[in-house]
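Because only heavy atoms are used, hydrogens play no part in the values below, and waters and symmetry mates are left out as well, while side chains stay in. The shown structure was predicted, so the numbers you read here are calculated from the model rather than taken from an experiment.
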Amino acid sequence: MYTSNLVTFLFAILWVFVPHVFALTDIEYSVLQKRFDSYYSNNNTNENISVRGITVGGWLVTEPYITPSLYNHATQMMSNSTHNTTLYNVFNSSIIDEYTLCKALGYDNAKSLLEEHFQTWITETDFEQIAADGFNLVRIPIGYWAWKQNHTINEYIDGITFEDPYVGEGLQLYYLNQAIGWAEKYGLNVWIDLHGAPGSQNGFDNSGQRNFYDDLGWLNDYSTTNLTMSVWSKMFDTFLNSSDSIVGIEVMNEPLSSKIDIWNITQAYYNAFNLFQEREDPNKNITFIIHDAFEGNGYWNLEFNPQYRNVSDQYENTQNLNKTYYNSQQILIDHHHYEVFTDWQLANNQFNRLMDVINFGESINKELPYHPAVVGEWSGAITDCATWLNGVGVGSRYDGSYYNTTRYSTDDLPVGKCYSQNPIEQWNETYKRDVRQFIEAQIATYDKQTTGWIFWNWKTEDAYEWDYKQLKEAELFPSPLTNFTYFNKNNGKMNADVSSSLSREAYPITSSSSSSSIVSSGTSSKNSKNIGSGPLYNHYSTNNNPIWSLQGAKWLSNVTVLLLSIVIAAHIL
């Protein structure tokens, strides 16, 4: 009896300090499974589901963490072109995005490097495999600089002059049109995504130009607004009535409303919709797509909605909207959801991480009577440890190195040591299981609660949590897409709390200036995705042995529970 009670006591202590060693408990798993029940019971199918997509990110708009070799090659080219060590170091440190790559190498060298990348990174074989794997849509990011016409005088379409170092002159458009042809051949739909704006719409390197701390250029003056309008007009002229494979055009990816006034973003969206309506054929089924601008789910319900003209009429030119066939279901809202761009998201336990996903999906479901809505970006990542994910030369929040490489600061302790940036075969089985469960929960939820989903990304070089091809090969991504291991298609559901789309909390208070911080209870992005909650623990290490850490107020809570456990155990013994 004494031995039995002692074992129970020791188990209680272990449970207090290392609950994460057990991952999902039987009770937690049962709760999750029951929450999925209503998704599949009583023939409760989502008639609105239309998108199961994949993005070919890092192709026509390059991203350092997706193809680090491209950026290493650019650095080497710069090194070979100069024998001045000081000059080399200046250029070396400055190549952090496509803007600085082009600026450092010069137009001809940058064009040569990028054209080789465009030719080889995505090919027809990729589109053939995307279709074979069961996806029905490919999202293709492209930057505004694809519409540059003459780099020597910085001339864009409509004779607009805008100074930047980007390579353009039809190069990206050639490969975009080639990709549309591949999509037609293999029966895939295409979603064209304007991923980078003049002056940058968010300051992330995925916009083409990284700018963490200063004001952004997009919509900040007439030149960026004017050029954007011309690019939209040309996009609509070219793609609205060309290929039956094109089903949607997203007018701007991830504009950051915490740095660009949401009124200005909304006005720009309405301007784009006017241009869209002027050029579209109402008999074609092409959708006008807006990103949520990091505002909470439900924010856009009354915008672009003829039933609420008092909302839309505060913006210029909305009176011109064509009422004969315009309805709110023509406008699709693109939400992005990641769980790795704040300290407290990273510290989530598995149960709360999956609950966040389900609550997020169910909050989107409430939008569907107003607008169709998709989760246009999500991944298998449960850390931010992928090399350069947060930017060239920037570390990870997970291990605390982010705060040594930026002006941002935090009071939170590091969650743990990074090792998920290593090849998947080096991950421990617990981590693999958590990633697979995370992916399945997202597919199951987004299938049943939204208009669809698009995984980010088709492939990377070594950002494994973000790489569909490598996740699938390691059997961490369902194949076929609904071949679940953990969440049976014939069961399942969870409670509908509103979760906001992307969080400004990915920008902690800077050590240099409070004005650089972005604080909100609302929303996150590819450099700041979605919010979460839960115990602040970590259980992964570089050698696959557990590393235990406790943080903040949770320590006090655990000590309290421990003391109670001791009192109870003493009574038992």
Tell me yes or no: between the side chains of [X] and [Y], is some donor less than 3.5 Å from an acceptor?
{"X": "Thr383", "Y": "Glu465", "result": "yes"}
{"X": "Asn253", "Y": "His291", "result": "no"}
{"X": "Asn211", "Y": "Ser200", "result": "no"}
{"X": "Asn72", "Y": "Gln76", "result": "no"}
{"X": "Tyr71", "Y": "Asp205", "result": "no"}
{"X": "Gln442", "Y": "His337", "result": "no"}

Ring pair (Phe, Tyr, Trp, His ring centres under 6.0 Å) test vs Phe276 passes for just one of Phe239, Phe304, Phe236, namely Phe236

For [Y] together with [X], are the ring centres under 6.0 Å from each other?
{"X": "Tyr468", "Y": "Phe135", "answer": "yes"}
{"X": "Tyr419", "Y": "Tyr431", "answer": "yes"}
{"X": "Tyr338", "Y": "Trp466", "answer": "yes"}
{"X": "Phe127", "Y": "Trp182", "answer": "yes"}
{"X": "Phe118", "Y": "Trp59", "answer": "no"}
{"X": "Tyr156", "Y": "Trp145", "answer": "no"}
{"X": "Trp300", "Y": "Tyr269", "answer": "yes"}

Closest non-hydrogen atom pair between [X] and [Y], with its separation:
{"X": "Ala104", "Y": "Met78", "result": "O-SD, 3.2 Å"}
{"X": "Thr450", "Y": "Gly361", "result": "CG2-O, 4.2 Å"}
{"X": "Ala179", "Y": "Ile140", "result": "CB-CD1, 3.9 Å"}

Checking Lys459 against Trp121: charged group under 6.0 Å from the ring centre and within 45 degrees of the axis?
yes

task = Using atom types as modelled and distance alone, determine if a side-chain donor or acceptor of Thr224 lies under 3.5 Å from a backbone N or O of Leu219.
result =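 Confirmed, Thr224 side chain pairs with Leu219 backbone.
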
Heavy-atom donor-acceptor pair, Ser420 side chain to Cys385 backbone, under 3.5 Å: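 Between the backbone of Cys385 and the side chain of Ser420 there is no qualifying donor-acceptor contact (under 3.5 Å).
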
| Can you list the steps and then say if Asp164 with Tyr144 is a side-chain hydrogen bond (donor to acceptor under 3.5 Å, both in side chains)? | CA-CA 11 Å; Asp164 63 44; Tyr144 79 92; 2.7 Å; yes

**Item:** Full working for side-chain hydrogen bond (donor to acceptor under 3.5 Å, both in side chains) between Tyr107 and Glu169
**Value:** CA-CA 11 Å; Tyr107 195 90; Glu169 299 179 338; 3.1 Å; yes

| Would you call the rings of Trp453 and Phe477 parallel, tilted or perpendicular, where under 30° means parallel and over 60° means perpendicular? |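 Tilted: the ring planes of Trp453 and Phe477 meet at 30° to 60°.
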
Arg210/Asp97 salt bridge by N-O under 4.0 Å criterion: no

Show, in sequence, the C-alpha distance, side-chain angles and deciding distance for Gln421 and Thr387, and conclude whether the side-chain hydrogen bond (donor to acceptor under 3.5 Å, both in side chains) test is met. CA-CA 7 Å; Gln421 75 278 14; Thr387 303; over 6 Å; no

